[in-house]
Amino acid sequence: MTRVAAIDCGTNSIRLLIADVDRSNGAARLTDVVREMRVVRLGQGVDATGELAPDALERTFAATADYAALIREHGAESVRFVATSASRDARNRHVFVDGVRELLGVEPEVISGDEEAALSFAGASSVLPIHDGDQVLVVDLGGGSTEFVLGTAAGVIAAKSVDIGCVRLTERHLRDDPPTPEQIAAAEADVDAAITRAGLDVPLERATAVVGVAGSITTITAHALRLTEYSPAAIHGAELPLGTITGAAADLLAMTRAARAELPYMHPGRVDVMGAGGLVWARILERLHDLSGGRIVTATASEHDILDGIALSLN
């Protein structure tokens, strides 16, 4: 048994998992000790400016300092800090890297989209069974990018990261509250083009099942289930018809931000970007249904994702 700490720093949130890893029976199993999430919006404005904003860095460093204290308190033996889309895109990412190194004592890794995709698949597949013959498409819908990963029980077949995400599309297109039809059409065109790019590297039509991970997708699932609070136990593994999911996504897109804020399962840090999250997920599912010749009729939500994959990568 080894105690590890994993940090996933994305465009919208920074998350910590301290877990005990048991490798005694061959396949590694994680037992959570601490699992936390803070919305710091590191990617604020990056799509437009190409740089990490000073106040976004300040919020991220404050959360990192708190996480460092928790890691020391719980005695993690190894630590891995992974940063994704926003820090990949930023010209001044050295400021971010230097700050994290000073606070945490480890070198933050600004990973490629392909590695992000592989870690997401590892995390999702560690807790959702993949049967022989299945080709599962894991979709990780983030703030700045979305990863498409096709794999089997043996591992990843193909992966692609594309620059569409709930923060990026909100800042680029969905500025009104609620967004106008013209803004929605422009965002959909971006998403459609990104799915086409992903399909050049990942044979999306071969998927026999779809698993969605990350906060936008789990929140859409909570909305589809009409939960009275955010419940990971109810969300994880929920397999819903595509029409139910896309209906919930369209509902969130049409809502005002004030109406979203009243939903009992809505994290305050997702209120302004959930319309874009819904648009992306609905567009992906509709396209997968068509590409599969109608074979894909449901999608499953997973609460386990890249954060779990990072933890599993540690010894």
Side-chain angles (χ1 to χ4, degrees), residues 3-22 27-40 63 66-67 70 74 76 82 84 116 119-130 136 138-143 146-147 149 165-166 209-241 244-245 248-249 251-252 260-271 273-274 277-278 280-281 285 298-312:
R3 180 159 293 184
V4 302
I7 297 176
D8 164 39
C9 186
T11 299
N12 197 44
S13 65
I14 182 169
R15 300 180 300 150
L16 167 70
L17 173 60
I18 301 173
D20 291 327
V21 186
D22 183 357
R29 296 178 61 87
L30 295 175
T31 301
D32 289 10
V33 177
V34 174
R35 192 181 284 262
E36 285 206 10
M37 187 270 285
R38 311 267 183 95
V39 172
V40 295
D66 290 345
Y67 288 175
L70 284 168
H74 291 280
V82 164
T84 54
E116 181 179 359
L119 287 169
S120 295
F121 186 85
S125 63
S126 70
V127 290
L128 290 174
I130 300 177
V136 176
V138 172
V139 179
D140 184 345
L141 200 175
T146 295
E147 285 67 51
V149 201
C166 59
V210 181
V211 176
V213 303
S216 285
I217 289 172
T218 58
T219 303
I220 294 164
T221 303
H223 189 60
L225 293 170
R226 296 298 190 264
L227 299 182
T228 57
E229 62 181 0
Y230 191 92
S231 169
I235 294 165
H236 181 65
E239 183 179 1
L240 299 175
T244 301
I245 300 169
D251 192 31
L252 288 167
R260 282 187 220 131
E262 294 299 316
L263 298 172
Y265 35 78
M266 181 67 64
H267 189 285
R270 299 197 189 282
V271 166
V273 297
M274 269 310 305
V280 174
W281 190 217
L285 292 178
T298 65
T300 301
S302 173
E303 284 280 343
H304 298 268
D305 51 27
I306 185 174
L307 188 61
D308 301 73
I310 297 166
L312 289 166

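Computed from a predicted model, the values in this text were never measured in an experiment.
Of all the heavy atoms in Trp281 and Ala299, the pair that sits closest is CZ2-CB, 4.1 Å. Summarising the geometry of Val211 relative to Ser302, their closest heavy-atom pair is CG1-CB, 3.8 Å, with the distance given to 0.1 Å. Residues Arg226 and Tyr265 approach most closely at C-CE2, 4.5 Å, considering heavy atoms. Nearest heavy atoms, Thr221 versus Ala301: OG1-CB, 3.4 Å. Contact record, Val21 with Val4: CG2-CG2, 3.6 Å, taken as the closest heavy-atom pair. In this structure, Pro264 and Leu227 approach most closely via the heavy-atom pair CG-O, 3.6 Å.
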Chi angles and distances behind the side chain to side chain contact (heavy atoms under 4.5 Å, CB included) call for Leu252, Leu263: CA-CA 10 Å; Leu252 288 167; Leu263 298 172; 3.7 Å; yes
Side chain to side chain contact (heavy atoms under 4.5 Å, CB included) evaluation trace for Leu285 with Val139: CA-CA 10 Å; Leu285 292 178; Val139 179; over 6 Å; no
Verdict with supporting geometry, Val149 and Asp140, side chain to side chain contact (heavy atoms under 4.5 Å, CB included): CA-CA 8 Å; Val149 201; Asp140 184 345; over 6 Å; no
Tyr230 and His267: CA distance, side-chain angles, deciding distance, side chain to side chain contact (heavy atoms under 4.5 Å, CB included) verdict: CA-CA 9 Å; Tyr230 191 92; His267 189 285; over 6 Å; no
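The CG atom of Asp305 lies 11.5 Å from the OG atom of Ser125; values are rounded to the nearest 0.5 Å. Thr218 OG1 to Arg270 CZ: the interatomic distance, rounded to the nearest 0.5 Å, is 6.0 Å. In this structure, Leu141 CG and Thr146 OG1 are separated by 4.0 Å, a value rounded to the nearest 0.5 Å. Residue His236 holds its NE2 atom at 4.5 Å from NE2 of His304, rounded to the nearest 0.5 Å. Summarising the geometry, atom CG belonging to Leu307 is positioned 10.5 Å from atom CG belonging to Leu119; distances are rounded to the nearest 0.5 Å. Once rounded to the nearest 0.5 Å, the distance linking CZ of Arg35 with CG of Leu16 reads 9.5 Å.
Ser13 places none of its side-chain heavy atoms less than 4.5 Å from the side chain of Arg38. Looking at Met274 and Ile220, their side chains come closer than 4.5 Å, going by heavy atoms from C-beta outward. With contacts defined as side-chain heavy-atom distances shorter than 4.5 Å, the pair Val213/Ile217 does not qualify. Looking only at side-chain heavy atoms (C-beta outward), Asp20 and Leu30 stay at 4.5 Å or farther from each other. Counting only heavy atoms from C-beta outward, the side chains of Glu147 and Thr84 never approach each other to under 4.5 Å. Within the 4.5 Å cutoff, the side chain of Ile130 has heavy atoms near those of the Phe121 side chain.
The existence of a salt bridge linking Asp22 and Arg29 is excluded, since no basic side-chain nitrogen approaches an acidic carboxylate oxygen closer than 4.0 Å.
In this structure, Arg260 contributes its side chain and Met266 its backbone to no donor-acceptor pair below 3.5 Å.
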